[in-house]
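Down below is the structure, laid out as structure tokens.
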Amino acid sequence: MISLHRGCGSQGYESAKFTWQNTGSFQPDAYGGGMEIVVDRANRLLHVHLSGFKSTVSLSAGFPVFHYASGPKPSRAVSLGCLWSIPGSNFAKQATWNTDGSVSVIGGMEFNDRCLHTPRTLPIPAGVTFA
């Protein structure tokens, strides 16, 4: 992800940065992850690089685990698809980038769920703009 930022002033790249909603409830991976979504306007792509984490709480619905810190926000909610796998299970966690800038993990979570993140690139949905 770092290489995307070099000389990007005229390339149409912007980076949305995030913080944790609560590092006690959502314990970040030791390496920290990128904690960003790079908006590549020129190629109409989103480069999603958020940290993996372990949940110490149980949740029953979508919850904004990642709070907006700075950068662009989408004009409408953007489905980011499956971003985290849960070791030892047959499912993964999806996310939504909300218009307030936060990123919600969709679906329930259980105490001690370990969410492993893999960076992902996806197209910017039609009609979505960034402010």
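Basis for what follows: all heavy atoms, side chains included, without hydrogens, waters or symmetry-related copies.
Residues passing the side chain to side chain contact (heavy atoms under 4.5 Å, CB included) test with Pro125 are Arg76, Val78, Val128, sequence neighbours excluded. For Thr23, the side chain to side chain contact (heavy atoms under 4.5 Å, CB included) partners two or more places apart in sequence, or in a different chain, are Trp20, Pro28. Evaluation of the salt bridge (Lys or Arg N to Asp or Glu O under 4.0 Å) rule for Arg44 yields no partner, not counting sequence neighbours. Ser79 pairs by the side chain to side chain contact (heavy atoms under 4.5 Å, CB included) definition with nothing, not counting sequence neighbours. Residues passing the side chain to side chain contact (heavy atoms under 4.5 Å, CB included) test with Ala77, sequence neighbours excluded: Thr96.
A continuous path of ILVMFWY side-chain contacts below 4.5 Å connects Leu59 to Val105, so both sit in one hydrophobic cluster. Phe66 and Ile106 fall into different hydrophobic clusters, defined by Ile, Leu, Val, Met, Phe, Trp and Tyr side-chain heavy atoms under 4.5 Å apart, directly or through other members. Connection of Leu122 to Leu45 is not established within any shared hydrophobic cluster, with ILVMFWY side chains joined at heavy-atom distances below 4.5 Å, either directly or through further cluster members.
Cation-pi geometry between Lys54 and Phe26 is not satisfied (NZ or CZ under 6.0 Å from the ring centre, within 45° of the ring normal).
No side-chain heavy atom of His49 sits less than 4.5 Å from a side-chain heavy atom of Val38. Looking only at side-chain heavy atoms (C-beta outward), Thr19 and Met35 stay at 4.5 Å or farther from each other. For the pair Val103 and Val48, the minimum side-chain heavy-atom distance is 4.5 Å or more. The shortest distance between side-chain heavy atoms of Pro87 and Leu116 falls below 4.5 Å.
For the atom pair CG (Asn43) and CZ (Arg41), the distance works out to 13.0 Å, reported to the nearest 0.5 Å. Once rounded to the nearest 0.5 Å, the distance linking CG of Asn22 with NE2 of His67 reads 9.0 Å. The distance from the CG atom of Asp40 to the CG atom of Leu46 is 8.5 Å, given to the nearest 0.5 Å. The line from CZ of Arg120 to CG of Leu80 is 7.5 Å long, rounded to the nearest 0.5 Å. Atom SG of Cys115 is separated from atom CE of Met109 by 3.5 Å, given to the nearest 0.5 angstrom. How far CG of Asn112 is from OG of Ser58: 9.0 Å, rounded to the nearest 0.5 Å.
Shortest non-hydrogen contact noted between Gly52 and His117 is N-CB, 3.8 Å.
Two rings, from Trp97 and Tyr68, have their centers 6.0 Å or more apart.
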| request: Report the C-alpha separation of Lys93 and Ile86 in whole Å, then their side-chain angles, then the decisive distance to 0.1 Å, and conclude whether the side chain to side chain contact (heavy atoms under 4.5 Å, CB included) test is met. | output: CA-CA 8 Å; Lys93 291 292 165 194; Ile86 309 291; 3.9 Å; yes
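Residues in residues 98-109 take part in these side-chain hydrogen bond (donor to acceptor under 3.5 Å, both in side chains) pairs, two or more places apart or across chains: Asn98-Ser102, Asn98-Ser104, Asp100-Ser102.
Aromatic ring pairs are classed by plane angle as parallel below 30°, tilted from 30° to 60° and perpendicular above 60°; the pair Tyr13 and His47 is tilted.
Of the residues listed (Asp113, Val65, Leu50), the one engaging Trp84 in a side chain to side chain contact (heavy atoms under 4.5 Å, CB included) is Leu50, and it is the only one.
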